[in-house]
Structure formats: C-alpha cells, structure tokens
Amino acid sequence: MLTPNTALAAIVTQSPHAARVLHRHRLDFCCGGGKTLAEACAEAGLDTQALLLEVLQAPGPASPESSWEDRPLTELADYLVERYHKPLAAEFERLIALARKVENVHKDKPTAPRGFASVLVRLRDEVEPHMEKEEQVLFPMIRAGQGQFAQMPIHVMVQDHREVAEALREIRRITGDLVPPAEACTSWINLYKGLEQLEVEFMEHIHLENHVLFPRALA
C-alpha cells in the first residue's frame, strides 16, 4: 500500500509505471530514492496527496520490471545488459552527433547549448567503462551467487551512479531544462527529446541496480 511515507524507490519498485510520473515532476527516485514521497514533495513544493493520487491512477500495463523482486538475479542482470547497456553506445553516438550539429549550425545564437557535445562525450566516456566493469566483474559475481562478497564493487558502482546523476543535472542546466527555444530547428528539438528519454532510461536503469539488484545480491 503506497502512502506519503513510502520511499520513492519503493514506490517505483512496487509500481514501475510510477517512474514516469515521478520523472515528470522531477523527483529523483534513483540516487534520491531513499526520500519519502512526502519529503520529496515538500522539497519540490508539490502537493503530496495530489501526486500520490496521480501515481495510483497512472496506467500500469504488465512489464518485466513488475516482478524483479522475486525473479532470479541472473535474469535481472541479463535484462539490464540487453535493455540498457547494449543500446546505450549507439544512442550516445546519435545524441553527440546531433549536439555537434546544433552547436555548429546555431553557434551565433545566444540560446545555443555551447559546449554541450563535450559534456555528452565526457558522460559517455565515464559510463561505458562503468558498464564494462559491471558486465565483466560485478554481474559475473552475482550470477555465481557471490554477491554477498561484492560490497566494494557495488559501493564503486553506486558512487558512479551519483556522478551520472550530477551529469544529468548539468545537462539540464546547459539546455535550459531541456526546453527548446522558439527558434529551435528540428534537429535541436529532436536532440532535447532524445536527452529527456536518455534521462528517463538512466533513472530506470540506476533504480533497478541501486534498489533491486544490489540489495538482493548483498543479502
């Protein structure tokens, strides 16, 4: 039963469809998932009861994430690699190319996101080795039933996740909260749409690791 005192991470674990509702209201359920709904709403100036009702009424079609608390950890590790890790390299390249195009074409406009491509390159260069370490070191330990011995690798991964969250906040700052200006061309608009989707998927990805995979592995 979801209440104002339910932690954001627990809300998304119990009701995965709630992730999009919380993201729409800019509530961090991955790295900030320990806060209760009431605490997060108070900080953001939101009506707790109204948001809780929105979460409860959100459509929630069946999805693989709905049973991750009960399914084997090997399945969850495989899902994370297939659903989030593998598509990310191509998406980074697409967004970086779009960012460079927008910067070059609109470099004389004061609203252009200057230096933005380099921020994306830096994020890619941090995330890709992180995923390699998960795939080559941490996930094999978990698949072998040795997750309880993985405290240090998990600690490092969680710290990396905080840095990703900080990079996403930097992207929001540079791009004016991902709101394209009136003069934005199609590429510019598509860039910001892609970045918002990237943010959503990073939050869902990190949530599943921080609040489902890692705690279960350590236990």
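In this structure, Asp28 does not pair ionically with Lys35, as no charged nitrogen and carboxylate oxygen lie closer than 4.0 Å. Salt bridge status for Arg173 with Glu170: present, with a side-chain N to carboxylate O gap under 4.0 Å.
Taking the six-membered ring for Trp and thresholds of 30 and 60 degrees, Tyr84 and Tyr79 have ring planes more than 60 degrees apart, a perpendicular arrangement.
With rounding to the nearest 0.5 angstrom, the CZ atom of Phe214 is 11.0 Å from the CG atom of Leu73. Between atom CZ of residue Arg124 and atom CD1 of residue Ile96 there is a gap of 4.0 Å, rounded to the nearest 0.5 Å. Atom NE2 of residue His211 and atom SG of residue Cys31 lie 7.0 Å apart, to the nearest 0.5 angstrom. The structure places CD of Gln148 at 8.5 Å from CG of Leu218, a figure rounded to the nearest 0.5 Å. Rounding to the nearest 0.5 Å gives a distance of 7.5 Å between CG of Leu52 and OG1 of Thr3. With values rounded to the nearest 0.5 angstrom, Ile189 atom CD1 is found 13.0 Å from Leu178 atom CG.
Cluster membership for Met131 and Val121, using ILVMFWY side-chain heavy atoms within less than 4.5 angstrom, is shared. Put simply, Val105 and Val102 are part of two different groups of oily side chains (I, L, V, M, F, W, Y) that touch within less than 4.5 Å, one to the next. Under a hydrophobic clustering in which Ile, Leu, Val, Met, Phe, Trp and Tyr are joined whenever their side-chain heavy atoms come within less than 4.5 Å, directly or via other members, Leu95 and Phe202 fall into the same cluster. Ile206 and Phe92 fall within a single hydrophobic cluster, where Ile, Leu, Val, Met, Phe, Trp and Tyr side chains are chained together by heavy-atom contacts under 4.5 Å. Linking Ile, Leu, Val, Met, Phe, Trp and Tyr whenever their side-chain heavy atoms come within less than 4.5 Å leaves Leu191 and Val200 in two separate clusters.
A heavy-atom distance below 4.5 Å is not found between the side chains of His207 and Leu8. Between Glu204 and His23 there is no side-chain heavy-atom pair separated by less than 4.5 Å. Using a 4.5 Å heavy-atom cutoff, the side chains of Leu37 and Val55 are not in contact. Counting only heavy atoms from C-beta outward, the side chains of Glu196 and Arg172 approach each other to under 4.5 Å.
Side chains of Glu163 and His130: no donor on one and acceptor on the other come within 3.5 Å. Side-chain contact of His85 with Glu134: a donor-acceptor pair under 3.5 Å is present, judged by distance alone.
For Arg26 (side chain) and Ala44 (main-chain N/O), no donor-acceptor pair under 3.5 Å exists by modelled atom type. Gln14 places no side-chain N or O within donor-acceptor distance of the main-chain N or O of Leu2, the cut-off being under 3.5 Å. At least one donor-acceptor pair closer than 3.5 Å links the side chain of Glu39 to the backbone N or O of Thr36. A donor-acceptor distance shorter than 3.5 angstrom exists from the side chain of Glu103 to the backbone of Gly115, with no hydrogens or angles considered.
Gly194 approaches Arg94 most closely through the heavy-atom pair CA-NH2, 3.9 Å. The two residues Leu138 and Pro153 come nearest to each other via the heavy atoms CD1-CB, 4.1 Å. Nearest heavy-atom pair, Gly33 versus Ala7, reported as atom, atom and distance to 0.1 Å: O-CB, 3.5 Å. Between Leu51 and Cys41, the shortest heavy-atom distance links the atoms CD2-SG, 3.5 Å. Heavy atoms only, all atoms of each residue included: Phe116 and Ile171 are closest at CE1-CG2, 3.6 Å. Of all heavy-atom pairs spanning Glu91 and Leu198, the tightest one is CG-CD1, 4.5 Å.
Within 6.0 Å of NZ on Lys193 lie no more than 12 heavy atoms contributed by other residues, nucleotides or ligands. The environment of NE2 in His155 is sparse: at most 12 heavy-atom neighbours from other residues, nucleotides or ligands sit within 6.0 Å.
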(request) Take His205 and Leu88 through the test side chain to side chain contact (heavy atoms under 4.5 Å, CB included) and record every step on the way to the result. (result) CA-CA 11 Å; His205 177 183; Leu88 193 53; 5.5 Å; no

(message) side chain to side chain contact (heavy atoms under 4.5 Å, CB included), that's the test. Do Arg162 and Val158 meet it? Break it down for me.
(response) CA-CA 7 Å; Arg162 294 193 186 101; Val158 170; 3.8 Å; yes

(message) Using side chain to side chain contact (heavy atoms under 4.5 Å, CB included), reason through Met157 and Asp160 one step at a time and then give a plain yes or no.
(response) CA-CA 5 Å; Met157 296 300 104; Asp160 286 352; 4.0 Å; yes

(request) Check step by step if salt bridge (charged side-chain N to carboxylate O under 4.0 Å, His left out) holds for Glu69 and Arg216. (result) CA-CA 8 Å; Glu69 286 191 298; Arg216 286 188 59 196; over 6 Å; no

(request) Could you give me the CA-CA distance, side-chain angles and deciding distance for Lys107 and Arg114, then say whether side chain to side chain contact (heavy atoms under 4.5 Å, CB included) is met? (result) CA-CA 7 Å; Lys107 58 188 174 185; Arg114 291 178 181 80; 5.8 Å; no

